[in-house]
2 protein chains.
Amino acid sequence: MASIKDVAAEAGVSVATVSRVLNDHPSVSAEARARVLAAVESLGYRPNAVARSLRTDQTHTLGLVISDVMNPYFTELARSVEEEARALGYSVIIGNADERPDLQDHHVRNLLDRRIDGLLVSPTDGGSPLMLDAARAGTPMVFVDRWIPGVDVPVVRADGRGAVRDLVAHLHGLGHRRLAIIAGPAATTTGRERVEAFREALGAYGLELPDAYIGQGDFQADSGRRVTEGFLDLPEPPEVVFAADNLMALGALDAVRARGLRVPDDLALAAFDDIRWFVHTDPPVTAIAQPTGELGRAAVRALVDRIEGRPGESVTLPARLVVRRSCGEPPAPSEPSPVTNRSQS
Amino acid sequence: MASIKDVAAEAGVSVATVSRVLNDHPSVSAEARARVLAAVESLGYRPNAVARSLRTDQTHTLGLVISDVMNPYFTELARSVEEEARALGYSVIIGNADERPDLQDHHVRNLLDRRIDGLLVSPTDGGSPLMLDAARAGTPMVFVDRWIPGVDVPVVRADGRGAVRDLVAHLHGLGHRRLAIIAGPAATTTGRERVEAFREALGAYGLELPDAYIGQGDFQADSGRRVTEGFLDLPEPPEVVFAADNLMALGALDAVRARGLRVPDDLALAAFDDIRWFVHTDPPVTAIAQPTGELGRAAVRALVDRIEGRPGESVTLPARLVVRRSCGEPPAPSEPSPVTNRSQS
DNA sequence: AACGTCGATGTAATCGATTCCACGAGGATC
DNA sequence: GATCCTCGTGGAATCGATTACATCGACGTT
């Protein structure tokens, strides 16, 4: 692979001049520039990003550590992050923690060793010493979706409180009174908050959230199945379960189906996180939709602001309820299929 | 951030000794080793991977360029790739081409600039000059899922021919005679092969695949919807559509639903790629399942073999048909729900 | 006692870029 | 005509590691 020296030799100039051409510094003669460019072309030269990074101490790379790539929500987040980063001249290295704190640490360490310019994290747990140290040491960092309280790092996330209230209103309106939740890990902010929001919203209707109706999940499908089975075995099973993420909702669907029961007749279901497939499940699932793409983009902007010396602000965007049929009663004409075109009728 | 010099100073030895300790070379005294380790600990020193890569000309990093992160099939592939790579001591940088050749080139260039040790590609098109050059220049490379004919690069993929034959047998057995396909881009091997396998399998039953029943899709949901609408508008619409990937199947489902029609009564549906959600769609979708995880792992092994100077072989694994209800008739007891437990009856 | 060997260590070159500094030529200024 | 910029350029230091080579003392062999 050709290096800058080869280009310099080919063009009959010094490496300094080649470098100047490549980084378009003003003081290079048109003639030298042309010769360098020709040499670059003929050798198929591409600057070595490793060497450049060593010298400039910038990698133009962002690290993104997400909790679970197999979760469509995070996939979409990752995609929007990469898009926005690319637009701003950065690339992204994704680390998948699979909801495991040890793996999360592995990736954070790896990214730090590679001297990424900044780190975007959706923490799996309450925060490992490693991550806290990195934040304290001044690594530009932004939390997205989930965060760690007490750390001075901007947070970009959705506030689901309003949407959860809407959901509970919807459920109450359908006559449901025994409402249960499949919670996420208590070590995560989203795990705790969604339970709290749910409890609060129930309170507004004079309803309780008994311990037996709080199932401990881990944001993975299997836990959703296990918890749902537990609910169904209760002497007085709930009428509705609210899964704190889409994978646990999938697990709940598995459990209900395995018993030969039906949603929503035997058990109603709602989920946090809306994904495309929820439109086509049997029945379509009522869900709380986050502005995922916007979150990813805002997080990148905040991080790049930090990296480039600007403040970098926290952002909170509202989530919204999308009513479908999994809690009972057809949505009336509340969600007509967007593709239906009745203009010619 | 502490460098090797700081460690050397703190331990009272030269940088060479520090480096020897870190790479556990034999000839270091126990005493020196202890002092270095203590200094490393107290400074929280971590070697700079950028500097190390520059010197050793290895990054211990694999590039993975996939066609579409939002496609669950590729997500699963990416996950297994990362897992196996990690086990072998490599990290992975993922580039998402979004089925766009220009984006694919962007990522390949970026990865090459970063001097990744090897490249895993699932090409979006017939092969850009950039990728062909890289292969010719000796960059360790392996194609996964899709490939480019005429390039001397190992290919790791699934052979769907047998499964497609099984599918056609199943459809024929259900009485379907007018079978259509939503094809992938002709520029991709999987795009072409699936059509060919389908046509061949039909031939075995004396059935034709007329041009009108070949819809041109691009592996994205929207194209599946568009093509399906076209099929439904035909004077003689097909009885079955076979989508060449899961996203186009999702689009087909959208189209059928938008018209107020039902699967499989009005139109039967089958898909290439099996994903978890297909169990819970309305109706559950009959699909061809690839051994995705095994493909990802085999691809990494082949690539690492190449990188480390061993041959690195092509691998072809069989896909298999998973019958559900989207083509008509309940699966009889052919696919009992795996969770159903009738031991106590 | 002289020599060779071996183990532990340090010095310095190197990887491929960027960038500070010095230098020479040419033009403007007085 | 001397002085001073400005512009274009090259030389060399630098980033943080790895590693070939040199050095030196201790020890074993004859």
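Within every chain, numbering begins at 1; the chains are lettered A, B, ... in the order of the sequence lines, protein sequences first and strands thereafter.
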So A:Gln104 and A:Met131, side-chain contact (heavy atoms from CB on, under 4.5 Å) or not? Walk me through it. CA-CA 9 Å; A:Gln104 168 178 278; A:Met131 210 151 56; 3.8 Å; yes
Side chain to side chain donor-acceptor pair (under 3.5 Å) for B:Asp68 and B:Tyr73? Distances and angles first, verdict last. CA-CA 9 Å; B:Asp68 183 5; B:Tyr73 167 71; over 6 Å; no
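A heavy-atom distance below 4.5 Å is not found between the side chains of A:Val121 and A:Val144. Residues B:Arg306 and B:Thr139 are not in side-chain contact: their nearest non-hydrogen atoms beyond the backbone lie 4.5 Å or more apart. Inter-residue side-chain proximity for B:Arg157 and B:Asp145 is flagged as unmet; no heavy-atom pair is nearer than 4.5 Å. Using a 4.5 Å heavy-atom cutoff, the side chains of A:Phe219 and A:Ser67 are not in contact. Side-chain contact between B:Thr61 and B:Arg114 is absent, with no heavy-atom pair separated by less than 4.5 Å. Two residues are said to be in side-chain contact when any heavy atoms from C-beta on lie closer than 4.5 Å; A:Trp147 and A:Val153 fail this criterion. Residues B:Leu62 and B:Ile116 form no side-chain contact, since every pair of their non-hydrogen atoms from C-beta on lies 4.5 Å or further apart.
Note: CD1 (A:Ile4) to P (D:dA12) measures 17 Å, nearest angstrom. The CG-P distance, from B:Asn48 to D:dT14, rounds to 18 Å in whole Å. Taking atom NE2 of B:His60 as the reference point, atom C1' of D:dA17 lies 14 Å away to the nearest angstrom. Rounded to whole Å, the distance from NZ on A:Lys5 to P on D:dG10 is 16 Å.
B:Arg55 comes within 4.0 angstrom of a base, heavy atoms only. Counting non-hydrogen atoms under 4.0 angstrom, A:Val13 reaches the backbone sugars and phosphates but no base. At a threshold of 4.0 angstrom between heavy atoms, the contacts of B:Ala32 are confined to the sugar-phosphate backbone, with no base atom among them.
Side-chain N/O atoms of B:Glu99 and B:Thr124 include no donor and acceptor closer than 3.5 Å.
Side-chain N/O atoms of A:Ser29 include one lying less than 4.0 angstrom from OP1 or OP2 on D:dT9.
For the segment residues 15-27 of chain A, the set of residues with a heavy atom within less than 4.0 Å of an atom of DNA chain C comprises A:Ala16, A:Ser19, A:Arg20, A:Asn23, in numerical order.
For DNA chain C, the outermost nucleotides in 5' to 3' order that have an atom under 4.0 Å from a heavy atom of chain B are C:dA8 to C:dG16.
With salt bridges taken as basic N to acidic carboxylate O contacts below 4.0 Å, none links B:Arg79 and B:Glu76.
Across the helix from C:dA1-D:dT30 to C:dC30-D:dG1, the helix axis at one end is tilted relative to the axis at the other end by 50° (nearest 10 degrees, each axis from five pairs).
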